[in-house]
Protein chains: 2
Amino acid sequence: MRPGARALPEHTRSHNRALVLQALYRGDGLSRADLAREVGLTRVTISDLVAELIDEDLAVELGRRPDARPGKPATLLDINRSGFAIIGLDLSFNSAFRGAVTDLDGTILHRAHVDTTGMTGDEAVAAVTTLVDKLVDSAGAPILGIGVGSPGVVNAEGTVLSAPNLGWSNVPLQDMLSEHTHLPTQVANDANTAALAERTFGGSQGDTMLVRIGRGVGSGVVISGAPVYGSNFAAGEIGHVVVGTDGGERCACNKIGCLETWLATPRLEAKLADASTEDERHEILREAGQRLGIALAPIVGALNLGEVVLSGPLALLDGTLLTGAAETLRDRTMADFHGDLTLRMTTLGEDIVVLGAVVMVLTGQLGVS
Amino acid sequence: MRPGARALPEHTRSHNRALVLQALYRGDGLSRADLAREVGLTRVTISDLVAELIDEDLAVELGRRPDARPGKPATLLDINRSGFAIIGLDLSFNSAFRGAVTDLDGTILHRAHVDTTGMTGDEAVAAVTTLVDKLVDSAGAPILGIGVGSPGVVNAEGTVLSAPNLGWSNVPLQDMLSEHTHLPTQVANDANTAALAERTFGGSQGDTMLVRIGRGVGSGVVISGAPVYGSNFAAGEIGHVVVGTDGGERCACNKIGCLETWLATPRLEAKLADASTEDERHEILREAGQRLGIALAPIVGALNLGEVVLSGPLALLDGTLLTGAAETLRDRTMADFHGDLTLRMTTLGEDIVVLGAVVMVLTGQLGVS
DNA sequence: TTTGTTAGTAAAGGTTACGAACAAACAAAG
DNA sequence: CTTTGTTTGTTCGTAACCTTTACTAACAAA
């Protein structure tokens, strides 16, 4: 057993502290007494915890509750939503790293990016720190932490074990950034990060799977609120799973009929460009959707997922492809038995990874999710 | 937020208590000082906790450690492995309910079963209580609790929401049994239960999936040590996922090419009986294995599972079918990328569900897993 | 003005785990 | 045989935590 698994009295405190922060984060104008009822602790303890939070500037008093109720009027509290900034990075774009400064609500206050065309290895790492420095400089409030969504395989310590497109292997990005900035930093896989964003800001409840379709196909699964990492931190790598039993195109990985050969945007766009009629284009998109549905069916069945969310170029995904996938999914699973299964596009657009990075910081630093 | 999520000092205590029990359970002759080092608490606290456990008869002193070391000789401790009994039930057999009394190690001390041919509904429920009563009577030690692995969809409160074969819907089996026996009782789906057994007694580490092949095909997934329940408590129901894109037989659920049509033992045995040559039989089993591999590939990819375990009739599964599935799985995923993926038969045989039920009790009552 | 209700604070009390110190028991060295 | 050093397990006092009880402040309604 790893040391540190033991519980000390102070862990009780930090747990309850996180509960209070979470209640404040989700709620909208709560008094200490409200918190006591919500969290289940006494007013005394809540007062103590709140005093601590106000002391650290994490919570603020908003003034009296406007209601006219008998008794002493309540003092409303809130998380200091604008008092802190969070930095979120998305390293998954094609030829640029993008990042943003947000407040605690995930509202984007400022954006920045660096061009990374042709960059790999150390040069790409340097580009990350450049971007981080830019964002740190432009933050107008104390920075709570830095979150990074990176392509490739990332372990629990935030080391990028392998990211072929960036020429990275065993890059301890999290340690490097936290040493460089002296700020709490968390690095994770981009699809996992996106899945977290969907759960916190996209309205997903319960277990969620997020599928990212772009140059490749990746996914992130969140079960019981926690991302699934997998035995080798490679969870979500569904792009190179063979789909169907009727052949297909040859993939870069040398197999035939990988999910990526059906869905990766470069291939899909090429096929669409070759198509001459609208009907042909529809057919291509429908088939791509069906393939996605075929691949998702066993996963949805095994995990009894309530919702699968797609992230990627709307023009390609939202429409024929989405409905094709949804139909296939329904036809291939016991949808009625499993209750309603929703397959939909994310509402978070291109910011999804940045927002997920923000969620990681919120979770890591405040215990809020 | 549900009340009760708050942490109190006593939760710290029970957490540490569970850590001590777990260390004792896994270890083999530990002293208080050993425990202190292992768990990370001080000798003082450990002594206090151990005294409590000895007081409840959950731990026993074994006497002095035989070693010749300088210093005060250590007093060895152990969980009172034979001092308590656990009752495990398996309701998933065809025409009988089986159960056993075990000690804390899962060693089976006594077996019992009741015939359930033709029984459904209340009659089947009565058969469960009959079996439990038998086992309770034959237990030679205080009973720690009762665990039940039931077919069908079972929610977190141990209510069987639906079990077609037994004619059950919304049967609050857990409540009924705990009221009847006044013993801590836990009811869960049989495949989930089996997956727990595999993790605790079968030597699986990390995230595990267990596939049960019998009259139907079901599965249980354990991620980060906890079973996955799914949005509607129907996780693991992969029997009616369509496999492949080249048709197949019609299933009882009215779809074509469900996993069950390829793998359910009645169908498989019928096909084998029709086959005339050994080669034909091999081909049938190989194809069945391939279908299993096709269905598992996306799941293994998405979750980056390290191990998939099969449970069912050895004669059918162990051999051509297993190797066929393993090969297909390797061909259809990035096995090299994901590290070693093992596909193997369970070593727990027919007792797997009973043992899983025992694990549920161990986990629920002692925090041991 | 009185009564009842709600919000927040203060003081006292019981748990929980820790650190320091200690006695017991033993091995090894002289 | 004595001394030294090590290890075990316990005792005692302390700090952190949350609770219960009691209290004040502030207001609505009768």
Side-chain angles (χ1 to χ4, degrees), chain A residues 3-21 23-24 27 29-55 59-78 367, chain B residues 3-21 23-24 27 29-55 59-78 367:
Chain A
R6 77 198 188 284
L8 303 180
E10 65 217 64
H11 296 132
T12 309
R13 181 77 167 185
S14 59
H15 177 85
N16 287 335
R17 199 184 118 111
L19 289 181
V20 170
L21 278 168
L24 284 175
L30 294 168
S31 69
R32 291 170 174 81
D34 292 335
L35 282 170
R37 281 183 288 264
E38 179 106 355
V39 175
L41 294 162
T42 60
R43 292 199 301 271
V44 181
T45 305
I46 293 291
S47 276
D48 199 39
L49 285 165
V50 166
E52 190 180 296
L53 293 176
I54 289 179
D55 205 51
V60 287
E61 292 194 337
L62 298 179
R64 287 191 176 182
R65 165 175 283 148
D67 305 19
R69 292 195 296 185
K72 179 177 172 179
T75 315
L76 295 184
L77 299 161
D78 196 5
Chain B
R6 75 196 189 286
L8 302 180
E10 66 215 64
H11 297 130
T12 307
R13 181 78 167 181
S14 60
H15 177 83
N16 287 334
R17 198 183 118 112
L19 288 180
V20 169
L21 278 168
L24 284 175
L30 293 167
S31 68
R32 291 169 175 81
D34 292 335
L35 282 170
R37 281 183 289 265
E38 179 107 355
V39 175
L41 293 163
T42 60
R43 292 200 300 271
V44 181
T45 306
I46 293 291
S47 277
D48 199 40
L49 284 164
V50 166
E52 188 181 298
L53 293 176
I54 289 179
D55 205 52
V60 287
E61 292 194 338
L62 298 180
R64 286 191 178 183
R65 165 176 283 149
D67 307 17
R69 290 195 298 184
K72 178 175 175 181
T75 316
L76 294 184
L77 300 162
D78 196 6

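Chain letters run A, B, ... following the sequence lines, proteins first, then strands; residues in each count from 1.
With sequence neighbours left out, the side-chain contact (heavy atoms from CB on, under 4.5 Å) criterion links B:Ala33 to B:Ser31, B:Arg37, B:Arg43. Under the rule for a side-chain contact (heavy atoms from CB on, under 4.5 Å), the partners of B:Ile54 that lie at least two apart in sequence or sit in another chain are B:Arg32, B:Val50, B:Ala59, B:Glu61, B:Leu77. By the side chain to side chain donor-acceptor pair (under 3.5 Å) test, B:Thr42 is found to be paired with B:Thr45, residues two or more places apart in sequence or in another chain being considered. Scanning for salt bridge (charged side-chain N to carboxylate O under 4.0 Å, His left out) contacts around B:Arg64 gives an empty result, with sequence neighbours left out. Every salt bridge (charged side-chain N to carboxylate O under 4.0 Å, His left out) that A:Arg13 has, sequence neighbours left out, goes to A:Asp48, A:Glu52. Residues passing the side chain to side chain donor-acceptor pair (under 3.5 Å) test with A:Ser47, sequence neighbours excluded: none.
B:Arg32 comes within 4.0 angstrom of sugar-phosphate atoms only, judged by non-hydrogen atoms across all strands, and of no base.
Along DNA chain C, the nucleotide nearest to A:Lys72 and the one nearest to A:Ser47 differ in position, and the one closer to the 5' end is contacted by A:Lys72. Nearest-nucleotide assignment on DNA chain D puts the 5′-proximal partner with B:Leu76, out of A:Pro73 and B:Leu76.
Between chain A and DNA chain D, the heavy-atom contact criterion of under 4.0 Å yields a 5' to 3' nucleotide range of D:dC17 to D:dA28.
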Sub-3.5 Å pairs of nitrogen or oxygen atoms, protein against nucleotides 16-20 of chain C:
{"unit_1": "C:dA17", "atom_1": "OP1", "unit_2": "B:Asn16", "atom_2": "ND2", "d": "2.8"}
{"unit_1": "C:dA17", "atom_1": "OP2", "unit_2": "B:Arg13", "atom_2": "NH1", "d": "2.4"}
{"unit_1": "C:dC18", "atom_1": "OP2", "unit_2": "B:Thr42", "atom_2": "N", "d": "3.4"}
{"unit_1": "C:dC18", "atom_1": "OP2", "unit_2": "B:Thr42", "atom_2": "OG1", "d": "3.1"}
{"unit_1": "C:dC18", "atom_1": "OP2", "unit_2": "B:Thr45", "atom_2": "OG1", "d": "2.5"}

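Between A:Asp78 and A:Leu62, the closest heavy-atom pair is CB-CD1, 3.8 Å.
Of the possible donor and acceptor atoms, none in the side chain of B:Arg6 sits under 3.5 Å from a partner among the backbone N and O of A:Leu41.
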